Asks: 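Have a look at the structure that comes next, please.
Just so it is clear, the model here is predicted, and its values are computed rather than measured.
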Amino acid sequence: NHSISVLTQPDPRAVIISNSMPYGTPNPAAGSNQYVYNQSVTCSISGSPVPLGSLTKVVCIGRNGTGSAGNGGEPNFTIASLTTYSTVTWNWQMQYWLNVLALGEGGVDTANGWNNSNAIITITATNWESASFDHWSGQTNGCSISATQISITGLDQARAIKAVFSGSTATGTTYTWLDSFNLTNDTIDDDTDEQPTWSEYISGTDPTNPLSKFQVLASGVSNGGFYVKFYGTSNGAVTPFGMHRSTNLTLPGGNWIDM
């Protein structure tokens, strides 16, 4: 009598790797990967997040799976025992930066940060006691606005949104005027014309145009009198400009007299 022993080896099992977006580097590589039955397989994804400029990025937020890979979970994991054909799909999410600013005497209830694409976001502005809410400004296209609330009904791009309040800075510049030039600080010289923004508010010039500034253009004598020609307008001040004269500049203070 003879006995015959037959040793069988279970068929190899495959892990199929795929990506919902063409980002990152999966390990094992994308495609069909063969492993022996009951083997432990470590699965991971590297290269997340992926910046798409400074205000947009894609982030791997997890995975879907079948078979021994389970039905989902964190991006990096280990298949403890590969006993059946399995699939792993890495899932990615587009995210946009939302910048929210309160300009003037008030605040907003939403912080700056990354948000998922298609997120629904409602921002509420609240004025301080001495001021009132004036308007929303910035990248408000496609948003729903109702008084002190603005709603983004499906975030589809990076946005910068401002809540503008009444009132003025310490130097007297109104916040609504600053916002009309998309500025927030009146103490600096944005257009490098040697005149800070607050002085351009007084003179009625454009703080974003270096050619627009309060300056004497000409002076001389005409028809028996002196003249001075200057550039400037007004932002509502009763007397935005003043002119003075002196007959003796050696006196203390110049002995200036209003004209």
Asks: Heavy atoms only: give me the nearest Ser86-Ala69 pair and the separation to one decimal.
Replies: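 Smallest interatomic distance, heavy atoms only, reads OG-N, 3.8 Å.
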Asks: Looking at every non-hydrogen atom in both residues, tell me the closest pair between Tyr96 and Ala158 and how far apart they are.
Replies: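 Taking Tyr96 first and Ala158 second, the nearest heavy atoms are CD2-N, 3.6 Å.
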Asks: Testing the basics here: between Arg63 and Trp90, what is the closest heavy-atom pair and its distance to 0.1 Å?
Replies: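 Arg63 and Trp90 have their closest heavy atoms at CB-CE3, 3.9 Å.
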Asks: So does Gly31 get a backbone contact from the side chain of Asn33, meaning a donor-acceptor N/O pair under 3.5 Å?
Replies: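 Such a contact is found between Asn33 side chain and Gly31 backbone.
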Asks: Among the clusters formed by ILVMFWY side chains lying less than 4.5 Å apart, do Val88 and Met21 turn up in the same one?
Replies: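 Yes, because Val88 and Met21 connect within a single hydrophobic cluster, where side-chain heavy atoms sit under 4.5 Å apart.
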Asks: Mind running side-chain contact (heavy atoms from CB on, under 4.5 Å) on Ile188 and Asp190 for me, showing each step along the way?
Replies: CA-CA 6 Å; Ile188 58 178; Asp190 289 280; 3.6 Å; yes
Asks: Check step by step if side-chain contact (heavy atoms from CB on, under 4.5 Å) holds for Thr78 and Ser40.
Replies: CA-CA 7 Å; Thr78 298; Ser40 172; 3.4 Å; yes
Asks: Would you tell me whether Ser46 and Asn27 have side-chain atoms, one donor and one acceptor, within less than 3.5 Å of each other?
Replies: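 Side chains of Ser46 and Asn27: no pair found under 3.5 Å.
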Asks: Roughly how far apart are Cys143 SG and Ile123 CD1, rounded to 0.5 Å?
Replies: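 One gets 7.5 Å once the value is rounded to the nearest 0.5 Å.
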Asks: Working to the nearest 0.5 Å, report the span between OG1 of Thr205 and CG of Asp191.
Replies: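 One finds 7.5 Å between OG1 of Thr205 and CG of Asp191.
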Asks: Hydrophobic clustering (ILVMFWY, side-chain heavy atoms < 4.5 Å, transitive) - are Leu101 and Leu98 grouped together?
Replies: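 Shared cluster, no.
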Asks: Look at the side-chain heavy atoms of Ile, Leu, Val, Met, Phe, Trp and Tyr, link any pair under 4.5 Å apart, and say whether Ile16 and Tyr35 land in one connected group.
Replies: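 No; tracing contacts between hydrophobic side chains, which count when under 4.5 Å, never links both residues.
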Asks: So which atom in Asn91 and which in Ser20 form the shortest heavy-atom distance, rounded to 0.1 Å?
Replies: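 Closest approach of Asn91 to Ser20, heavy atoms only: CA-OG, 3.3 Å.
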Asks: Quick check on the hydrophobic clustering: are Leu155 and Ile61 connected, directly or via other members, by side-chain heavy-atom contacts under 4.5 Å?
Replies: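 Cluster IDs for Leu155 and Ile61 differ.
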Asks: If I compare all heavy atoms of Pro49 with all of Lys57, which pair ends up nearest, and what's the gap?
Replies: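 Result for this residue pair: CB-CD, 4.0 Å.
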Asks: Walk me through whether Lys162 and Asn182 qualify under side-chain contact (heavy atoms from CB on, under 4.5 Å).
Replies: CA-CA 10 Å; Lys162 282 185 289 185; Asn182 197 31; 3.1 Å; yes
Asks: Start with the C-alpha distance between Asn112 and Trp97, add both sets of side-chain angles, then the distance that settles side-chain contact (heavy atoms from CB on, under 4.5 Å), and finish with yes or no.
Replies: CA-CA 7 Å; Asn112 301 335; Trp97 181 260; 3.7 Å; yes
Asks: Roughly how far, to the nearest 0.5 Å, is the OG atom of Ser48 from the CH2 atom of Trp92?
Replies: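 Here the rounded value is 4.5 Å.
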Asks: With no hydrogens and no angle check, just 3.5 Å: does a side-chain donor-acceptor pair link Ser151 and Thr153?
Replies: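 Judged by distance alone, the side chains do not pair up.
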Asks: Is a side-chain N or O of Ser68 found less than 3.5 angstrom from the main chain of Thr83, in a donor-acceptor match?
Replies: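 Yes.
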Asks: So, Asp134 and Thr176: side-chain donor and acceptor under 3.5 Å apart, yes or no?
Replies: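 Result is no, nothing qualifies.
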Asks: Distance from Tyr201 atom OH to Ser180 atom OG, nearest 0.5 Å?
Replies: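 That separation rounds to 10.0 Å.
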Asks: Counting only heavy atoms not in Trp198, do more than 12 fall under 6.0 Å of its CH2?
Replies: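 Open: at most 12 neighbouring heavy atoms sit under 6.0 Å from CH2 of Trp198.
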Asks: Name every donor-acceptor pair, under 3.5 Å, that has one atom in a side chain of residues 104-111 and the other anywhere in the protein, sequence neighbours excluded.
Replies:
unit_1, atom_1, unit_2, atom_2, d
Glu105, OE1, Ser130, OG, 2.8
Asp109, OD1, Thr124, N, 2.9

Asks: Gln95 and side chain to side chain contact (heavy atoms under 4.5 Å, CB included): which single residue from Leu55, Asn116, Val58 fits?
Replies: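 Among the candidates, only Asn116 passes.
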Asks: For Asp186 and Thr173, which I'm curious about, is there any donor-acceptor pair between the side chains at under 3.5 Å?
Replies: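 Side-chain D/A pair, Asp186 to Thr173: present.
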Asks: Checking ring-ring contact (aromatic ring centres under 6.0 Å, His included) against Phe165, which of Trp128, Phe133, Tyr175 comes through?
Replies: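 Only one of Trp128, Phe133, Tyr175 forms a ring-ring contact (aromatic ring centres under 6.0 Å, His included) with Phe165, namely Phe133.
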Asks: With clusters defined by side-chain heavy atoms of hydrophobic residues (ILVMFWY) lying less than 4.5 Å apart, directly or transitively, does Leu183 cluster with Trp177?
Replies: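 Result: yes, single cluster for both.
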Asks: When rounded to the nearest 0.5 angstrom, what is the spacing between OG in Ser212 and CG in Asp193?
Replies: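 Ser212 atom OG to Asp193 atom CG measures 8.0 Å (nearest 0.5 Å).
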Asks: Any chance you could measure Gln93, atom CD, to Asn118, atom CG, to the nearest 0.5 Å?
Replies: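 Those atoms lie 7.5 Å apart.
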Asks: Tell me if a side-chain donor or acceptor on Arg159 pairs with a main-chain N or O of Asn141 at a distance below 3.5 Å.
Replies: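 Flag set: sc Arg159 to bb Asn141 pair under 3.5 Å.
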Asks: Please find the pair of heavy atoms, one from Thr140 and one from Ser137, that lie closest to each other, and give the distance.
Replies: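 Reported closest heavy-atom pair: CG2-O, 3.6 Å.
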